[in-house]
Amino acid sequence: FKPTTFAAPRHSRSCCSGCPICCPTTLAAVYGEPRPVQIIPSVLPADFGKLGADCKALEDAGCDRIQFDVMDGNFVPNLTFGPDTIRWCRQYTTLPFETQLMVSEKCTDAMLPQFTEVTKGPNGEPGVVIVHVEACTHLHRALSSIRAAGGSPSVALNPHTPPEMIENVLDLVDHVLVMTVNPGFGGQAYIPTMTDKIRKIRKWIVDRNLDVDIEVDGGIKATKETIGACAEAGANCFIAGSGLFAYDDMAQGVKELTALAKEGQGLPANA
Ligand SMILES: O=C(CO)[C@@H](O)[C@H](O)COP(=O)(O)O
């Protein structure tokens, strides 16, 4: 008896064999229904001499939230700003804020309350505060303290960090940020191997019926290969710095990024 060899199922959207990798209906069963697309610009490429005005321009362009990249020249080679800069920007926009703490453990431990406070909304609504798993020996305690201080806790992973490092704190966070570049600078190239990490985290979230968004940050442009691939893998929050500031009309940039993200989710652009 000579066993017949079978071709591996075609892992493409058009596959209709119900294989658990790519069949649209099976995908939804495995990775859940798509979550709302959110376009979240990083202020890293902004003009720091008029950061408040640039925040207002991002609100006018239709962005969902604004990310402040806090860097201390220790956890990452670059150096940006502290909590007071974020506090001053609050008077220029009512958009929700998000603070990514790319800082040492000493800075995280010492300044988490201040960053949580200045990231809040205009009426004290919880702001998203992102700590890096690599900078938190006591990550469970750090995330719990953000929630206790009235913030929305989120955890970030650098490209080399396995997703298992955050598997046991998924119940504490509202977002997981998968870095798709090595943190520190804008304008870098997207790292495509991160989509498997996104997919793995998304399946945990769905299997445990958790209300958690997946964010991606770094090299995100209005292309199928970046925002489209991340959306298809299960991300729904997209941090775009140079990819959005490159547009003369940033409202057009938000539209194009959103359309490609929805296409990646298998939805029509106007859904
Ligand atoms: O956070 C970082 C680097 O630490 C950057 O990823 C910016 O947040 C976005 O930069 P672009 O890659 O979108 O220009």
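Computation of the quantities below employed the complete heavy-atom set of this structure, encompassing side-chain atoms and omitting hydrogens, waters and symmetry-equivalent molecules. Counting starts at 1 for both ligands and their atoms, in listed order.
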>> Checking C63 against L244 for the side chain to side chain contact (heavy atoms under 4.5 Å, CB included) test, could you report, in this order, the C-alpha distance in whole Å, the side-chain angles of both residues, the deciding distance, and whether it holds?
In response: CA-CA 10 Å; C63 296; L244 180 60; 3.7 Å; yes
>> Can a donor-acceptor pair be found, under 3.5 Å and without considering hydrogens, that links the side chain of D196 to the backbone of R199?
In response: no
> When you measure from the centre of the six-membered ring of F97, is the NZ or CZ of R65 under 6.0 Å away and within 45° of the axis?
Replying inline: no
> Pick one: which of T223, I39, T226 meets side chain to side chain contact (heavy atoms under 4.5 Å, CB included) with L257?
Replying inline: I39
Quick one: table the atom pairs, ligand 1 N or O against protein N or O, below 3.5 Å, distance rounded to 0.1 Å.
from	atom 1	to	atom 2	distance (Å)
ligand 1	1 (O)	D69	OD2	3.1
ligand 1	1 (O)	D217	OD2	3.2
ligand 1	4 (O)	G184	N	2.7
ligand 1	6 (O)	D217	OD1	2.6
ligand 1	8 (O)	S42	OG	3.3
ligand 1	8 (O)	D69	OD2	2.9
ligand 1	8 (O)	D217	OD1	3.0
ligand 1	8 (O)	D217	OD2	3.4
ligand 1	12 (O)	G219	N	2.8
ligand 1	13 (O)	G241	N	2.8
ligand 1	14 (O)	G187	N	2.8
ligand 1	14 (O)	S242	N	2.9
ligand 1	14 (O)	S242	OG	2.5

> Judged by atom type as modelled, is there a donor-acceptor pair below 3.5 Å linking the side chain of S154 to the main-chain atoms of I130?
Replying inline: no
> Do the non-hydrogen side-chain atoms of D69 and I239 ever get within less than 4.5 Å of each other?
Replying inline: no
